[in-house]
2 protein chains.
Amino acid sequence: MYTIGETAGLLGISAHTLRYYEKEEIIVPLRDTGGDRRYTESHIKWLQFVIKLKETQMPIASIKKYASLVTEGEQTALDRLNLLAEHQRSVRAQIQMLQDADGMLTFKIASYRTLTEA
Amino acid sequence: MYTIGETAGLLGISAHTLRYYEKEEIIVPLRDTGGDRRYTESHIKWLQFVIKLKETQMPIASIKKYASLVTEGEQTALDRLNLLAEHQRSVRAQIQMLQDADGMLTFKIASYRTLTEA
DNA sequence: ACTTGACTTAGAGTTAACTCTAATCAATAT
DNA sequence: ATATTGATTAGAGTTAACTCTAAGTCAAGT
């Protein structure tokens, strides 16, 4: 069980952001007797997954959608599968685009090398 | 020579965005006798490059920086090389991160498949 | 002559995703 | 006993990158 500060530290995000994710219904932490948020190992795992989705450009709105499917339970498994499969296509498209850009940069950089070494 | 509308169509961005890039000093189009913007082939090529940088998450501020180096001329070639080399490192880091995410998604999706097919 | 559509400008509005502020409270450290 | 630390809330502010609005000019088509 972690406090909001510990959780933020562990994940490398701010406590502010954790409260924002809660407001967006992406995560629902427990509360201790004093009313403070408490995060379990399974909350942490879920947040790490959310952060991975974020890093790969999934918008908060889609993450929210996925989170709501998880909350709805077992019978949404197929919907979740489809959502992730769709996102995987987007991730692969991003990789392709970045590889093209990498090639272009290699070429540009080589031109500048020729220029500056001449 | 293209009008702003033609250029926008060619590049798949809006005329508004082209004016915005001009305000940010990323591009300086010519003007016809009526004062309307005119874009040459070389403007188009430059804009295509700018769009590639954008797609690969280079912030407008950095693109602006690069554009100003280009304007300054030959003697900034080494600075430009360094800027692009730095960006290439970022592009490669993005590719790496996306490939990890792709693996994770493959795993998650496989789990859901097992679940929904059982 | 009139309408249509593209262009001009300065500047306001939008969206996503935070990020911070203010005012307050509760537990711990000196 | 007081000071610090870290938590709480609602709601305001920020940043990047557009995106649009208003008010207007101008050329071409009917």
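Being a predicted model, the structure only gives us computed values, none of them experimental. Letters go in sequence order (proteins before strands), and every chain restarts at 1.
Side-chain proximity of A:Arg19 to the nucleotides C:dA17, C:dC7, D:dT8 is greatest for D:dT8. When distances are taken from the side chain of A:His16 to each of C:dT21, C:dC18, D:dT8, the shortest belongs to C:dT21. Nearest to the side-chain atoms of A:Ile4 among the listed nucleotides D:dA7, D:dT9, C:dT9 stands D:dA7. Which of C:dT8, D:dA17, D:dC18 sits closest to the side chain of B:Pro59 comes down to D:dA17.
If you take CD of A:Glu24 and P of C:dC18, they are 9 Å apart, rounded to a whole angstrom. Note: CG (A:Asp36) to C1' (D:dT5) measures 12 Å, nearest angstrom. Per the geometry, NZ belonging to B:Lys64 stands 11 Å off P belonging to D:dA17, to the nearest Å. Atom pair B:Tyr39:OH and C:dA6:C1' shows a separation of 13 Å (rounding to whole Å applied). D:dT9 atom P lies 7 Å from atom CD of A:Glu22, rounded to whole Å. If you measure from atom CD1 of A:Ile27 to atom C1' of C:dC18, you get 17 Å, rounded to the nearest angstrom. Rounded to whole angstrom, the span from the CG atom of A:Leu18 across to the P atom of D:dA7 amounts to 10 Å. Rounded to a whole Å, the CG atom of B:Leu30 is 16 Å from the C1' atom of C:dC7.
For D:dA7, neither phosphate oxygen OP1 nor OP2 lies less than 4.0 angstrom from any side-chain nitrogen or oxygen of A:Arg37. The shortest distance between the side-chain N/O atoms of B:Thr3 and the OP1/OP2 oxygens of C:dC7 is below 4.0 Å. The side chain of A:Lys23 places no N or O atom within less than 4.0 Å of a non-bridging phosphate oxygen (OP1 or OP2) of C:dC18. Between B:Tyr21 and D:dC18, a side-chain N or O to OP1/OP2 separation shorter than 4.0 Å is present. Applying the 4.0 Å criterion to OP1 and OP2 of D:dT9, one finds that A:Arg31 has a side-chain N or O inside that range.
Contact annotation for B:Gly5: backbone-only contact, meaning every heavy-atom pair under 4.0 Å involves sugar-phosphate atoms and none involves a base.
One finds a salt bridge joining B:Glu55 and B:Lys52 here, because a Lys/Arg side-chain nitrogen approaches an Asp/Glu carboxylate oxygen to under 4.0 Å.
Side-chain contact between A:Thr7 and A:His43: absent, with no pair of heavy atoms (C-beta onward) separated by less than 4.5 Å.
With hydrogens and angles ignored, the 3.5 Å screen pairs a side-chain donor or acceptor of A:Gln88 with a backbone N or O of B:Asp102.
Judged purely by distance below 3.5 Å, without hydrogens or angles, the side chains of B:Gln96 and B:Asp100 pair a donor atom with an acceptor atom.
Taking the six-membered ring for Trp and the full ring otherwise, B:Phe107 and B:Tyr112 have centroids separated by 6.0 Å or more.
Between B:Gly34 and B:Lys54, the residue whose closest nucleotide on DNA chain D is further toward the 5' end is B:Lys54.
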